[in-house]
J.: 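I am attaching a structure below and will ask some questions about it afterwards.
Reminder, nothing fancy here: chain letters follow the sequence lines and each chain counts from 1.
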There are 2 protein chains.
Amino acid sequence: MKKEVVVGIDIGGTNTDFCIVDREGNCLLKDSLRTDKYDEVEPFLDELTGIIKEQIRSQNGSLEVVGIGVGAPNGNYFTGAIEFAPNLKWKGVVPLAELIRQRMNLPVVLTNDANAAAIGEMIYGAAKGMKDFIVITLGTGLGSGIVVNGELLYGHDGFAGELGHTVVYPDGRMCGCGKQGCLETYASATGITRTAIEMLEKSNEPSLLREIPKDQVSSEKIFQAAQKNDKIALECFEYTGKILGMKLADAIAFSSPEAIILFGGLAKAGEYIFAPTKKYMEYYLLPIYRNKVKLLPSLLKKENAAVLGAAALIWANQKK
Amino acid sequence: MKKEVVVGIDIGGTNTDFCIVDREGNCLLKDSLRTDKYDEVEPFLDELTGIIKEQIRSQNGSLEVVGIGVGAPNGNYFTGAIEFAPNLKWKGVVPLAELIRQRMNLPVVLTNDANAAAIGEMIYGAAKGMKDFIVITLGTGLGSGIVVNGELLYGHDGFAGELGHTVVYPDGRMCGCGKQGCLETYASATGITRTAIEMLEKSNEPSLLREIPKDQVSSEKIFQAAQKNDKIALECFEYTGKILGMKLADAIAFSSPEAIILFGGLAKAGEYIFAPTKKYMEYYLLPIYRNKVKLLPSLLKKENAAVLGAAALIWANQKK
């Protein structure tokens with residue numbers, strides 16, 4: 001009997017990772033391709049699907065591929081298109097699912113990277129068995145995938161779950177989206193770096209972070225300094241956790257989830273980010289929600305989380 | 001053939017309204033009872049169900065009652081209980097659905113008043129045919145009922161949809177819930193009244209509102225003054241709409257609804273509240289959501305909206 005597998009594809013601005021994944025979440029065959037080398041999407045997809053077909057052929061007919069799941073920035077589940085993704089060279093609306101379907105003759109499901117991560121946590125990770133939870137990805141920006149009653153929340157137009165662009169301070173930091181004071185300008189790897197630079201400029205407090213050039217301050221460097229008890233670095237985490245915790249309390253008042261899962265680079269700082277986030281989340285919660293909602297780290301390995309999430313989209317759809 | 005009807009019950013702190021409702025939303029027989037006259041819930045329910053049974057009997061067997069829908073403050077859909085409602089005399093957890101079931105021997109569905117209003121709008125009102133929308137009730141407080149994919153959002157514990165207690169200003173106005181700066185301390189009938197009193201105290205601007213004693217300033221009085229172009233009254237609506245619009249933009253970033261429906265006393269101020277709310281909502285939205293989400297007035301008549309919503313709970317459940 002053939003082994004049922006899916007193809008998971010994670011399209012990023014620089015690299016595209018892809019993998020043939022079985023039901024248990026094992027990556028059987030993996031590879032990657034430089035996204036930014038292709039000015040046009042069609043030659044990129046010719047190359048990508050060529051490699052995937054070769055991978056499948058190499059297994060001498062032992063695999064049955066049941067579908068292809070794709071996570072991509074600004075991926076719209078309803079339309080199957082990437083719509084106006086600022087970090088990709090392919091501009092406007094790219095009907096990606098259809099273009100892959102033409103080449104592979106298989107069902108293709110597309111969504112954005114944070115939604116793919118949420119499905120990945122539900123099928124393989126920290127949200128196994130949960131029906132109501134939120135995944136927050138703390139990377140360059142802040143993404144969110146919201147699961148309600150066992151299904152991803154897409155909303156009326158497929159774009160639900162942009163918690164990174166809810167407002168913290170109406171007159172606050174400029175955001176890449178054109179607005180001011182968005183959550184992701186504070187709670188993300190770049191957000192905490194902006195906080196560190198502001199704090200270094202405003203005070204004379206000695207700090208390990210003063211020993212590195214400003215343009216090399218990063219969330220990792222702040223984490224390393226915090227581990228050495230650097231006061232400014234610790235204050236950065238406290239400040240970031242306060243803002244993130246407050247907005248997570250808002251999110252809980254919206255959908256009353258069982259858990260919120262933090263994923264991505266900044267979440268790797270462990271208790272340095274979890275402790276203040278949890279403290280302020282509880283503080284800003286309505287009493288009926290207090291001490292009920294778990295704040296958990298992702299259980300997906302970083303290197304293949306996005307690919308697994310994309311693959312899981314197909315298994316999740318099959319369950320229906 | 002018997003006519004299928006349901007009983008809709010709206011329990012408020014002062015009055016309980018109830019009605020026998022047909023599938024088209026016609027109130028066939030209605031009555032009400034003083035809630036606050038009953039220190040204990042059991043004699044209250046004995047009286048209430050006694051009247052309802054009498055109403056049904058009076059129709060000489062022409063009605064077939066298929067269920068009872070109840071909207072009540074802090075009503076939990078999952079448990080069928082009213083849990084710690086601050087405005088009711090019955091304290092703690094009251095297993096209301098079960099107590100009514102014992103007396104009527106019919107299916108009973110309970111939820112909170114804002115959720116009942118949302119179902120009412122979907123079955124009979126402004127949200128007919130919609131699958132993703134939010135109803136905001138602007139009364140003494142701010143309630144919200146969120147519909148996602150055609151179903152009420154209850155979350156993990158039945159308490160989803162408390163947008164009135166999301167945070168506007170962390171150090172802002174004291175809220176009845178014990179927190180500070182909650183949305184409902186600004187955007188509600190009492191919120192706009194607090195705003196008016198603050199504005200009157202802070203400025204020397206002449207205003208019609210100065211002619212009435214402070215404890216008689218109300219959202220209706222502010223509305224009447226605004227209709228006469230009173231500057232302070234107009235500023236109150238602008239300020240309230242700015243805060244409400246900003247938080248509605250946050251809500252849209254969460255669930256990407258087709259429409260937001262404003263219901264209740266303050267919504268009756270029409271364009272005075274809708275215009276600034278819409279303006280700031282659009283301003284604070286991520287570009288992908290702009291000019292897409294409708295801001296609509298309720299289409300349920302005030303006098304029976306909550307009762308109709310409660311009744312609609314039964315019809316909505318039958319559809320599944």
Side-chain angles (χ1 to χ4, degrees), chain A residues 74 76 78 83-84 130-134 144 146 148-149 151-170 175 177-183 242-243 245-247 249-259 280 283-290 292-294, chain B residues 74 76 78 83-84 130-134 144 146 148-149 151-170 175 177-183 242-243 245-247 249-259 280 283-290 292-294:
Chain A
N74 289 33
N76 185 323
F78 288 161
E83 305 189 8
F84 307 99
M130 291 188 194
K131 299 189 80 179
D132 297 275
F133 63 95
I134 300 175
S144 57
I146 301 162
V148 162
N149 220 355
E151 298 197 4
L152 266 175
L153 177 54
Y154 286 112
H156 183 57
D157 64 355
F159 283 122
E162 287 287 353
L163 300 192
H165 299 281
T166 56
V167 184
V168 179
Y169 297 116
C175 183
C177 75
K179 298 199 302 157
Q180 271 183 277
C182 291
L183 178 58
K242 181 172 184 173
I243 289 176
M246 186 174 83
K247 296 303 277 187
D250 270 16
I252 292 167
F254 199 102
S255 74
S256 190
E258 179 175 357
Y280 289 105
Y283 177 82
Y284 287 112
L285 277 177
L286 201 58
I288 49 167
Y289 301 123
R290 278 185 198 147
K292 275 186 183 176
V293 184
K294 299 166 205 143
Chain B
N74 289 34
N76 185 323
F78 289 159
E83 306 190 6
F84 307 99
M130 291 188 194
K131 299 189 79 178
D132 297 275
F133 64 94
I134 299 175
S144 56
I146 302 163
V148 162
N149 221 357
E151 300 198 3
L152 266 176
L153 177 53
Y154 285 113
H156 182 57
D157 63 356
F159 284 121
E162 288 287 352
L163 300 192
H165 299 281
T166 58
V167 183
V168 179
Y169 297 116
C175 182
C177 76
K179 300 201 301 156
Q180 272 184 278
C182 291
L183 177 57
K242 181 171 184 175
I243 289 175
M246 186 174 83
K247 295 303 275 187
D250 270 17
I252 292 167
F254 200 103
S255 74
S256 191
E258 179 176 355
Y280 289 105
Y283 178 82
Y284 286 111
L285 278 178
L286 201 57
I288 49 166
Y289 301 123
R290 278 185 197 147
K292 275 186 182 176
V293 184
K294 300 166 206 143

J.: Quick one: what part of B:Leu163 sits under 4.5 Å from any heavy atom of chain A, side chain, backbone, both or neither?
T.: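 Both parts, backbone and side chain.
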
J.: Contact between B:Tyr289 and A:Asp157 at the side-chain level, heavy atoms closer than 4.5 Å - yes or no?
T.: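 Touching, per the 4.5 Å side-chain cut-off.
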
J.: Does any backbone or side-chain atom of A:Ala251 lie under 4.5 Å from a heavy atom of chain B? Answer side chain, backbone, both or neither.
T.: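 For A:Ala251, backbone and side chain are both near chain B.
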
J.: Looking at B:Ile288, B:Asn74, B:Val148, B:Thr166, which has the largest count of heavy-atom pairs under 4.5 Å with chain A?
T.: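 Looking at each of B:Ile288, B:Asn74, B:Val148, B:Thr166 in turn, B:Thr166 comes out on top.
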
J.: Would you say the side chain of A:Lys247 lies within less than 4.5 Å of the side chain of B:Asp250, judging by non-hydrogen atoms?
T.: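 A side-chain contact under 4.5 Å exists here.
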
J.: Can you say whether B:Pro257 sits under 4.5 Å from chain A via the side chain, the backbone, both, or neither, judging by heavy atoms?
T.: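 Backbone of B:Pro257 only, per the 4.5 Å heavy-atom cut-off to chain A.
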
J.: Report the option among A:Gly158, A:Gly161, A:Cys177, A:Cys182 that has the most heavy-atom pairs separated by less than 4.5 Å from atoms of chain B.
T.: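 Most pairs with chain B among the choices: A:Gly161.
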
J.: Taking atom CZ of B:Phe78 as the centre, does the number of heavy atoms from other residues, nucleotides or ligands within less than 6.0 Å exceed 12?
T.: yes

J.: Hey, what do you get for CD (B:Glu151) to CD (A:Glu151), rounding to the nearest 0.5 Å?
T.: 9.0 Å

J.: What part of A:Ile134 is in contact with chain B, defined as an atom under 4.5 angstrom from a non-hydrogen atom: side chain, backbone, both or neither?
T.: side chain

J.: Measure A:Leu286 against the heavy atoms of chain B and call it side chain, backbone, both or neither at under 4.5 Å.
T.: both

J.: Side chains of A:Tyr154 and B:Ser256: does their closest heavy-atom pair fall under 4.5 Å?
T.: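 In short, these two side chains do not touch, never coming nearer than 4.5 Å.
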
J.: Side chain of A:Lys179, backbone of B:Tyr284: donor and acceptor closer than 3.5 Å?
T.: yes

J.: Name the member of B:Leu183, B:Leu153, B:Ile252, B:Val293 that forms the most heavy-atom pairs with chain A at distances under 4.5 Å.
T.: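 If we count pairs closer than 4.5 Å to chain A, B:Leu153 comes out on top.
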
J.: Who wins among B:Gly178, B:Pro287, B:Pro170 for the most heavy-atom pairs under 4.5 Å with chain A?
T.: B:Pro170

J.: Do you know the tightest heavy-atom contact between A:Phe254 and B:Ser255?
T.: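 Shortest heavy-atom contact: CZ-OG, 3.6 Å.
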
